[in-house]
Amino acid sequence: MLVVSWVVMAFTHEAGHLLGGMVCGATLTDFDLAPWRMPYSLHAPDPHPLVTLWAGPLFGVAAPLLVAAILRKSWGWFVADFCLLANGGYLALAWVSGDPFLDTPRLLDAGAHPATIVLYCVATIGTGYVRFRSDCRQVLSPSPPGPLSPEA
């Protein structure tokens with residue numbers, strides 16, 4: 001489940017950047033969606049870099065949550081809640097690392113107010129942690145004995 005969650009998170013986050021760039025009229029110069037290395041997309045010129053950059057973490061959270069709400073399955077919520085926690089965690093860790101190729105330094109360079117990033121991280125990490133922790137407990141806890149189980 002964690003591997004599936006990682007692939008969904010990486011794909012939806014990067015797809016958000018691609019969609020954001022497309023909507024804003026940015027020119028895509030290079031991209032890689034392979035989840036076994038760090039996915040990326042580069043746009044130049046990008047007339048609205050804030051939209052392109054914010055589209056990644058926003059779509060990376062919204063798309064899995066929407067699919068989970070439609071499916072209404074516990075595994076769907078597991079994946080969606082992982083995406084919620086991972087997107088917020090990524091922006092927070094990217095800020096701490098300061099790596100100029102990661103989203104948070106690029107958002108700040110493009111003019112994003114630091115408070116918007118803090119609010120996004122607090123909301124996604126706080127909600128994602130509580131929900132994903134509950135999902136993990138549900139998935140990892142032993143099932144109650146059923147009528148055909150040896151314990152019954």
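Scope of the values below: all heavy atoms of this structure, side chains included, with no hydrogens, waters or symmetry mates.
L84 and L71 are not part of a single hydrophobic cluster, where members link through side-chain heavy atoms under 4.5 Å apart. Hydrophobic clustering keeps V122 apart from L85 (ILVMFWY residues linked when any side-chain heavy atoms are closer than 4.5 Å, directly or through intermediates). Under the 4.5 Å side-chain heavy-atom criterion for grouping Ile, Leu, Val, Met, Phe, Trp and Tyr, Y129 is not connected to V118 through any hydrophobic cluster. Tracing side-chain contacts under 4.5 Å through hydrophobic residues (I, L, V, M, F, W, Y), one reaches L2 starting from V67; they form part of the same cluster.
Here the side chains of F82 and D135 are not in contact, with every heavy-atom distance at 4.5 Å or above. D99 is not listed as a side-chain neighbour of P105, based on a closest heavy-atom distance of 4.5 Å or more. The shortest distance between side-chain heavy atoms of L33 and L18 falls below 4.5 Å. Side chains of M1 and V79 form a contact here, defined as non-hydrogen atoms less than 4.5 Å apart.
Nearest heavy atoms, T12 versus M9: OG1-O, 3.4 Å. Listed here is the closest heavy atom pair of S41 and L28: CB-CD1, 4.1 Å. Scanning all heavy atoms of the two residues, the minimum distance from A68 to A80 falls at CB-CB, 3.8 Å. Between I125 and A92, the shortest heavy-atom distance links the atoms CD1-CB, 4.0 Å. P35 approaches W6 most closely through the heavy-atom pair O-NE1, 3.0 Å. Nearest approach of P39 to A10, heavy atoms of both residues: CG-CB, 3.9 Å.
Sorted by first and then second residue, the ring-ring contact (aromatic ring centres under 6.0 Å, His included) pairs involving residues 46-81 (not counting sequence neighbours) are W54-Y120, F78-F132. Listed by first then second residue, pairs satisfying ring-ring contact (aromatic ring centres under 6.0 Å, His included) with a partner in residues 20-40 number zero, not counting sequence neighbours.
The CZ atom of R106 sits 9.0 Å away from atom OG1 of T52, with the distance rounded to the nearest 0.5 Å. L58 CG to H13 NE2: the interatomic distance, rounded to the nearest 0.5 Å, is 9.5 Å. H17 contributes atom NE2, which lies 13.5 Å from atom CE of M22 (distance to the nearest 0.5 angstrom). Distance check, rounded to the nearest 0.5 Å: CG of L91 to CG of L107 gives 6.5 Å. The line from CG of D103 to CG of L93 is 12.5 Å long, rounded to the nearest 0.5 Å. For the atom pair C83 SG and L65 CG, the distance stands at 8.0 Å (nearest 0.5 Å).
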- Hey, mind stepping through V23 and V51 against side-chain contact (heavy atoms from CB on, under 4.5 Å) and telling me if it holds? CA-CA 9 Å; V23 167; V51 174; 5.6 Å; no
- Item | Worked verdict on Y90 versus L102 for side-chain contact (heavy atoms from CB on, under 4.5 Å) | CA-CA 9 Å; Y90 165 62; L102 299 179; 3.7 Å; yes
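The backbone N or O of L42 sits less than 3.5 Å from a side-chain atom of T29, completing a donor-acceptor pair.
Applying the side chain to side chain donor-acceptor pair (under 3.5 Å) rule to D32 yields the partners R37; only residues at least two apart in sequence or on another chain are considered.
With no hydrogens or angles considered, no side-chain donor-acceptor pair links N87 and T124 at under 3.5 Å.
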